[in-house]
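As the structure is a computational prediction, the values presented were derived from the model and not from experiment.
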Amino acid sequence: MPANSTKNVWSELWLTEDYWAIWLGFFLLIVGCILFLPNPPEGMEKDIQEANATMAWEADRAPFKTIAYYKAQDIKAGLRARNSGIGKQIAAFFKQPQNWTNNPIHAFFQGSGQVKNRNNAALPGLAIAKEAAAEALNEAKVAEAAAQSAGFQDQALNKAAEAKIDAWHEAKGDQSAASRKTTIKPFNLIPSLIGLMVVMGLFFAIGIKFMGKNLGGFLKGFPLVFVIAVVAYALANQITMKHYGIGDAAWAIAIGMLISNTIGTPKWAKSALEVEYYIKTGLVLLGGELLISRILAIGLPGICVAWIVTPTILVLTFLFGQKVLKIESKTLNMVVSADMSVCGTSAAIAAAAACKAKKEELTLAIGLSLVFTAIMMVAMPAIIKTTGIPYILGGAWMGGTIDATGAVAAAGAFLSEEALYVAATIKMIQNMLIGVIAFGIAVFWSMKIEAAEGKRIGLMEIWYRFPKFILGFLGASIIFSLIYSFMGSDIGYTMIDQGVLRGFSRLCRDWFFTLAFVAIGLSTNFKELAHHFKGGKPFILYACGQTLNLALTLIMAYIMFYLVFPEITAAI
């Protein structure tokens, strides 16, 4: 390799966006470990040992989860490092605008009088929830005692007890949710939001400086991007908008597009529209959340649903776009196919980097994804309930088809805890394909598409084309999976999942993604996108591809969860 090529490879480490996404992402993950790992909840190991002993005893004596089993399980679930003093301080610093009904000021500020009124208004609901939980507990105790008196040999009594205990556990969860509504404390988010804006601006400015970009312009424009992100969060948390699932991503893009297509995005703000820089850093953090142990928990059924259907849909929709729809831009075709088949925005970013798609093509793909995601997260749970599809099958179906991870979790929660668990896990398994898909697209584009156009492509070009931030994404997943495995699932859940990840890195990631969506909106001009909608081909491609995706995923999920591996389904 020539000396200058070697120099270029090494200089990439501090001069390119992908590597800075890795450095910044890993810096945050390390900071999270430093903040949380030395501060476990008091009595954590003792509580875990006692809970595990109880759960093992109850599992041996009864063929279903007993009341005592659930109580022990809830004790473990309540051990969360993010509930520590440092965890609460971090959460307060990253806090987003809160729920509000009629007055948007209440999203940012609520005094003692307002909070007292809200808490008092929630008290009747808590009383009702308490009464319902107490009644459900009595019924569960009676049903469990009846099953126990028959030596747990009567299947009818066992099923009745299991149903009553599950109903009590759900009522207990409703009581906890009602209780939280009565313990709201006064807050003023303005100081923390200003501080967060400054910290995030300087955080990303480090990479901007080293990459040789316009540092002054970035710092000047970043406050506008951040303020729009705050407004997007506030609108998403308006009670009606929240009920219909219109989230911050949709609002961020909509507000940005409204500005860019009316008064126009100010020139002084354009240096801060670092779409890929924000989202790639967030994707490195997402890698830390994709723990291999969660993939193994679902096992082969989930892996088959995510890893067989997804690449099949990607290939078929790309061929459909080229051979049937005759989409002129191959890069647009690929980005839309990856966005729809893999996992929405994250996959679109990786695919766009791998095939060097234009920014407006990426914007179009993400826009289509958001529209279909909003529809599917509401429609699919309704269809599943109406048609009587088993909730575990429904969860697998949604996890493999709905694009955004947050939307998958919300849709799963509409059904049941089991549906939520299966849906979220399969989406995580699918997210793991981002790196593989990006590498495959880079190789295919270099060796097939561009080679067919007469361009000479070498192995180094494939390396240059490959999105390097994927290395950080995969590295974070492997490292945190090893840490989690070393700690054990119980302590790993408390300290890693409910500490470093949910208590810190996910808070950062949520903000980074919203900043990216704002930047997408501000850099999108409908006039520039118009020619891509010629004949409605991108929409047709997405609609047809998603229809095929829905059908194949449902078929594969049924085969894997109910015909090939029914024992895994029974254990969920």
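Between K213 and E274 a salt bridge is recorded (basic side-chain N to carboxylate O distance below 4.0 Å). Ion pairing between a basic and an acidic side chain is recognised when a charged N comes within 4.0 Å of a carboxylate O; E289 and R502 show no such pairing. The pair K65-E58 fails the salt-bridge criterion, with no side-chain N (NZ, NE, NH1 or NH2) lying under 4.0 Å from an Asp/Glu carboxylate O. Ion pairing between a basic and an acidic side chain is recognised when a charged N comes within 4.0 Å of a carboxylate O; R80 and D497 show no such pairing.
No side-chain donor from either of S84 and N39 sits under 3.5 Å from a side-chain acceptor of the other. For K427 and Q430, the side-chain atoms include at least one donor-acceptor pair closer than 3.5 Å. Side chain to side chain, N549 and Q546 meet the donor-acceptor criterion of an N or O pair below 3.5 Å.
With sequence neighbours left out, the ring-ring contact (aromatic ring centres under 6.0 Å, His included) criterion links F222 to F218. For A81, the side chain to side chain contact (heavy atoms under 4.5 Å, CB included) partners two or more places apart in sequence, or in a different chain, are F36, M495. Evaluation of the side chain to side chain contact (heavy atoms under 4.5 Å, CB included) rule for A519 yields L273, V275, Y278 as partners, not counting sequence neighbours.
Between the side chain of Q98 and the main chain of Q96, a donor-acceptor pair closer than 3.5 Å is present. Between the N237 side chain and the N99 main chain, no donor and acceptor come within less than 3.5 Å of each other.
A cation-pi arrangement is found for K95 relative to F187, the charged atom lying closer than 6.0 Å to the ring centre and inside a 45° cone about the ring normal.
The aromatic rings of Y277 and F204 sit perpendicular, their planes meeting at an angle over 60°, well past the 30° parallel limit.
Looking at heavy atoms from C-beta onward, V230 lies in side-chain contact with P97 at the 4.5 angstrom threshold. Residues V335 and C355 meet the side-chain proximity criterion, which asks for heavy atoms closer than 4.5 Å.
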With ring-ring contact (aromatic ring centres under 6.0 Å, His included) as the criterion, how do F210 and W20 come out once you've worked through the C-alpha distance, each side chain's angles and the decisive distance to 0.1 Å?
CA-CA 9 Å; F210 277 89; W20 270 103; 5.1 Å; yes
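The six-membered or imidazole ring of W251 lies away from that of Y233, with a centre-to-centre distance of 6.0 Å or more.
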